[in-house]
Asker: 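Structure incoming, see below.
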Amino acid sequence: MSDAANTELDALVIGAGFAGLYQLLCLRDRLGLSVKVLEAGGGVGGTWYWNRYPGARCDSESHVYWYTFSEELMREWEWSERYPGQAEIMRYLNFVADKFDLKRDIQFNSRVTSAQYHEATNRWQVRTEDGQTFIAKFLVTAVGCLSTANVPAIPGLQNFKGDWYHTGQWPHEGVDFTGKRVGMIGTGSTGIQAAPVIAARAAHLTVFQRTANYSVPARNVPLTAEFKKYVKQHAGDIRATTHQTYNGMGFKVDDRKAVETPPEERETIYEAAWERGGLQFRASFQDMLVSKEANDTAADFIKRKIRSIVRDPKTAAILSDIDHPYAAKRPPIDTDYFETYNRPNVSLVDVRATPIERFSAAGICTSEAEYPVDIIVFATGFDAMTGPLLRMNIRGRGSVALKDVWEAGPRNYLGLQIAGFPNLFTITGPGSPSVLCNMPVAIEQHADWITDCIKFIRAKGLERIEARPEAVDRWVEEVNDVANKTLLPLATHSWYLGANIPGKPRVFMPYAGGMIRYREICQTVAAQDYEGFALS
Ligand code: NA7
């Protein structure tokens, strides 16, 4: 054990993104605990530290994509665009970390490789890649939902003579695409953001699409002085709105139903939503995510848009041959994505029809042809939600491994605690709204709840909190029930279900009951002296 083992902490937080920074502030400055954050990256930022790919930008609008715990902070910070770009989010998180003097308690370049609960001492022992050991009573994971990059196990990558990159592990110095032939695999939110930017530089971009995807224009613009002023003056109202919406966004889902709206009027509504742009498109009708008939109207509208934008009929057909309901997979928003296929230096390969079989020295080989490229970009997503937790080798009571407990899929209570893993809290864990919510809203709610919970435990002179197995059973059922009332599980290849990772159990992971309901449940549990948890 290193010297660090001698320093016993009240709480250890893993990750210094949005979640870890705020959790540190809560536990250290509000409860006065001794806290340390371990962060694998060389700086704060989490997702935004790693995802530096061309075009990386948040899909939440900037005036709701920030912390709301401090109105002073909300008045001090000013976003420049409708959607914050990666570099600006990094500036913001560094600004917050400096303003609240958080970095002194963050140890960077420290990847956690194991976390073990010791029953006799009621302490967690956490080890890092470089062999350091830390001891803490409470362990909080703030590792994000999309931080374990998925590079598909397609044979031959080691033979490829060019360069390759995964978008979630992008080099800090950037990649120069000028004059290069680029092959990009993946058309999720990331690929859809990256393609237009790469195409503008590269000699040629070939996009390899497995599942065709919907996308709605983001309509990003610089913010006007009036809007910036409005945000400063209405910081409290904006915060209140994000607490009153299903998914923590700044807009409400409309009350009207698509199935009850005459086709012509519906078309006008979709057209207006398309022009306004952004994720708000899915809020056009309240039945869009629960009625297939309603959803079909949105799906049909977007497919027609794709065919009207993309000039080559064959490419348009491949792009619009979408097999799942709109927004049943995470719906991307874009800047000129479909327009990019009208460029002479961009082509599309349908790898559903002709799968990628291997990489050669020269490029990407499908069942039909070899595509020579200089650079391969993997926009192939993540081992989402459970991946970041499972790779840390977490062991609870009796040295039981989390990977064994979750062999058939994640099981926990409120997405916050796992039976058999006392005093371990998982911010935005599977089973919580997390990725179905505007992330900072979900994160603040979790970090506040955890802080109040630890405060309660200490005030009562208690030592330990642990989810009861029966509460876990109930919660898993609730997560499944609410998901099954929506169309979300119909996208059978979605990462919400773990379907993008070969061999991963197919379980719908995020809580689809909405942030309002979830917040109420968490509040009720706390008000009932942490019902469903064993305290000792
Ligand atoms: P996503 O949404 O998981 O997208 C990954 C894309 O990569 C998707 O189109 C996949 O096709 C494709 N993919 C993955 N593996 C392969 C293989 N083996 N062959 C061909 N194509 C493949 O990840 P993103 O990074 O775009 O977005 C993640 C989230 O970040 C996003 O949802 C937002 O919440 C922010 P598939 O659909 O699986 O057929």
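Ligands are counted one by one from 1 in listed order, and the atoms in each one are counted from 1 as well. Heavy-atom basis, side chains included; hydrogens, waters and symmetry copies ignored.
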Asker: If you count the atoms of ligand 1 from 1 in the order shown, which ones are under 4.0 Å from a heavy atom of I185?
Answerer: 20 (C), 21 (N)
Asker: Hey, what do you get for CD1 (I309) to CZ (R304), rounding to the nearest 0.5 Å?
Answerer: 12.5 Å
Asker: What protein heavy atom lies closest to atom 31 (C) of ligand 1? Include the residue and the distance to one decimal.
Answerer: S189 OG, 3.5 Å
Asker: Looking only at protein heavy atoms, identify the closest one to atom 9 (O) of ligand 1 and say how far it is in Å.
Answerer: T187 N, 2.9 Å
Asker: Within a radius of less than 6.0 Å around CD of E293, do more than 12 heavy atoms belonging to other residues, nucleotides or ligands occur?
Answerer: no
Asker: With a cut-off of 4.0 Å, which atoms of ligand 1 are near a heavy atom of G186?
Answerer: 6 (C), 7 (O), 9 (O), 12 (C)
Asker: Please check whether A379 reaches ligand 1 - meaning an N/O of the residue sits under 3.5 Å from an N/O of the ligand, judged on distance alone.
Answerer: yes
Asker: Given Q193, K329, R330, which one has a non-hydrogen atom that is nearest to atom 34 (O) of ligand 1?
Answerer: R330
Asker: Heavy-atom distance to atom 18 (N) of ligand 1: which of P152, A212, A149 wins?
Answerer: P152
Asker: Kindly identify the option in T380, I154, T190, T47 whose heavy atom sits closest to atom 26 (O) of ligand 1.
Answerer: T190
Asker: Return the CZ to CD distance between F108 and E39, rounded to the nearest 0.5 Å.
Answerer: 7.0 Å
Asker: Taking only heavy atoms of T211 into account, list the atoms of ligand 1 that are under 4.0 Å away from them.
Answerer: 36 (P), 37 (O), 39 (O)
Asker: What protein heavy atom sits nearest atom 28 (C) of ligand 1, and how far off is it?
Answerer: W495 NE1, 3.9 Å
Asker: Heavy atoms only: which of D383, L146, N500 lies closest to atom 30 (O) of ligand 1?
Answerer: L146
Asker: Mind checking whether F208 has a heavy atom under 4.0 Å from ligand 1?
Answerer: no
Asker: Nearest heavy atom to atom 38 (O) of ligand 1: which of R210, R352, H493 does it belong to?
Answerer: R210
Asker: Check if Q209 has a non-hydrogen atom at a distance under 4.0 Å from any atom of ligand 1.
Answerer: no
Asker: Quick test of your reading of the model: are E271 and K305 salt-bridged, counting only N-O distances below 4.0 Å?
Answerer: yes
Asker: Out of the candidates Y92, F95, F227, only one should pair with W79 under the ring-ring contact (aromatic ring centres under 6.0 Å, His included) rule; please name it.
Answerer: Y92
Asker: Considering only heavy atoms of F382, which atoms of ligand 1 have at least one such atom less than 4.0 Å away?
Answerer: 25 (O)
